[in-house]
Amino acid sequence: MTESVYAVKATRSGDWWVIEVTTGLPASVVGVSQARRLNRVPKIARRLIADLLEVDMNEVKVDVEVSMPGELEAVLDRARQATATEVEARTAASRARCDAAAALLGANLTMREAGQVLGVSHQRIKQLADQAKSWTLSG
């Protein structure tokens, strides 16, 4: 069984999603269909391609790209950028907490004292300090 991956574009049109197979089909074959719900697009696209090429549907894999109008795409881009910034900030905050825990213990504070200063439990101080050590050892 040979699996092929076909690029599929889903675009909202009224109450429907227009499904267009953009790559993988022979030049003389046009693959267009529709779906009421976005979650149905992959299965409908796979069935469409299988029917057009007269192959088993299980041999067809699709890579769906959702296309939105410009104004919605701009809003989505802002949301994606904000999420990426949030992830970076959370990672930096986590690393800073670990470094602070290790530094407090390195300054001979007890785990309870370090926890009180950092605003976490003494058990969490141990976890943070261990994480800081593992980062130091790994890179």
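- Pairing each heavy atom of Val41 with each of Ala10, the nearest pair is CG1-CB, 4.1 Å.
- Arg36 forms no cation-pi arrangement with Trp17, by the criterion of a distance under 6.0 Å to the ring centre and an angle within 45° of the ring axis.
- Met68 and Leu76 make their closest contact through CG-CD1, 3.8 Å (heavy atoms, listed as atom of the first residue, atom of the second, distance).
- Atom CD of Gln131 is surrounded by more than 12 heavy atoms from other residues, nucleotides or ligands within 6.0 Å.
- Note on Leu38: it clusters hydrophobically with Leu72, by side-chain heavy-atom contacts below 4.5 Å among ILVMFWY residues.
- At least one donor-acceptor pair closer than 3.5 Å links the side chain of Glu113 to the backbone N or O of Thr110.
- In this structure, the side chains of Leu128 and Leu118 come closer than 4.5 Å at one or more pairs of heavy atoms.
- Inter-residue side-chain proximity for Leu53 and Tyr6 is flagged as met; some heavy-atom pair is nearer than 4.5 Å.
- In this structure the side chain of Glu65 never reaches within 4.5 angstrom of the side chain of Val8, judged on heavy atoms.
- A 4.5 Å side-chain heavy-atom check between Ile19 and Val32 finds every atom pair outside the cut-off.
- Judged purely by atom type and a 3.5 angstrom limit, Ser94 has no side-chain atom pairing as donor or acceptor with the backbone of Arg90.
- By the criterion of side-chain heavy atoms lying less than 4.5 angstrom apart, applied directly or through intervening Ile, Leu, Val, Met, Phe, Trp or Tyr residues, Trp16 is not grouped with Ile44; the two fall into different hydrophobic clusters.
- With contacts defined as side-chain heavy-atom distances shorter than 4.5 Å, the pair Lys43/Met57 qualifies.
- Residue Val60 is tested with Asp56, Asn58, Val62 for a side chain to side chain contact (heavy atoms under 4.5 Å, CB included); the sole match is Val62.
- We find the NZ-CD1 distance between Lys61 and Ile49 to be 11.5 Å, quoted to the nearest 0.5 Å.
- Contact check on Arg80 versus Glu73 returns a salt bridge, with a Lys/Arg side-chain nitrogen under 4.0 Å from an Asp/Glu carboxylate oxygen.
- The backbone N or O of Ala35 sits nowhere less than 3.5 Å from a side-chain atom of Arg40 that would complete a donor-acceptor pair.
- Qualifying salt bridge (Lys or Arg N to Asp or Glu O under 4.0 Å) partners for Lys126, counting only residues two or more places apart in sequence or in other chains: Asp130.
- Val75 and Val66 fall into different hydrophobic clusters, where Ile, Leu, Val, Met, Phe, Trp and Tyr residues are linked whenever their side-chain heavy atoms come under 4.5 Å apart, directly or through other members.
- When all heavy atoms of Ala129 and Ala101 are compared, the pair lying nearest together is N-CB, 4.0 Å.
- A donor-acceptor distance shorter than 3.5 angstrom exists from the side chain of Ser121 to the backbone of Arg124, with no hydrogens or angles considered.
- Side-chain N or O atoms of Arg46 include none that pairs as donor or acceptor with a backbone N or O of Leu48 at under 3.5 Å.
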Please tabulate, for side-chain N and O atoms in residues 20-27, each donor-acceptor pair with protein atoms closer than 3.5 Å (sequence neighbours left out).
{"residue": "Thr22", "atom": "OG1", "partner": "Ala7", "partner atom": "O", "Å": "3.2"}
{"residue": "Thr23", "atom": "OG1", "partner": "Ala7", "partner atom": "N", "Å": "3.3"}

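- Within a 6.0 Å radius of CZ in Arg12, other residues, nucleotides and ligands contribute more than 12 heavy atoms.
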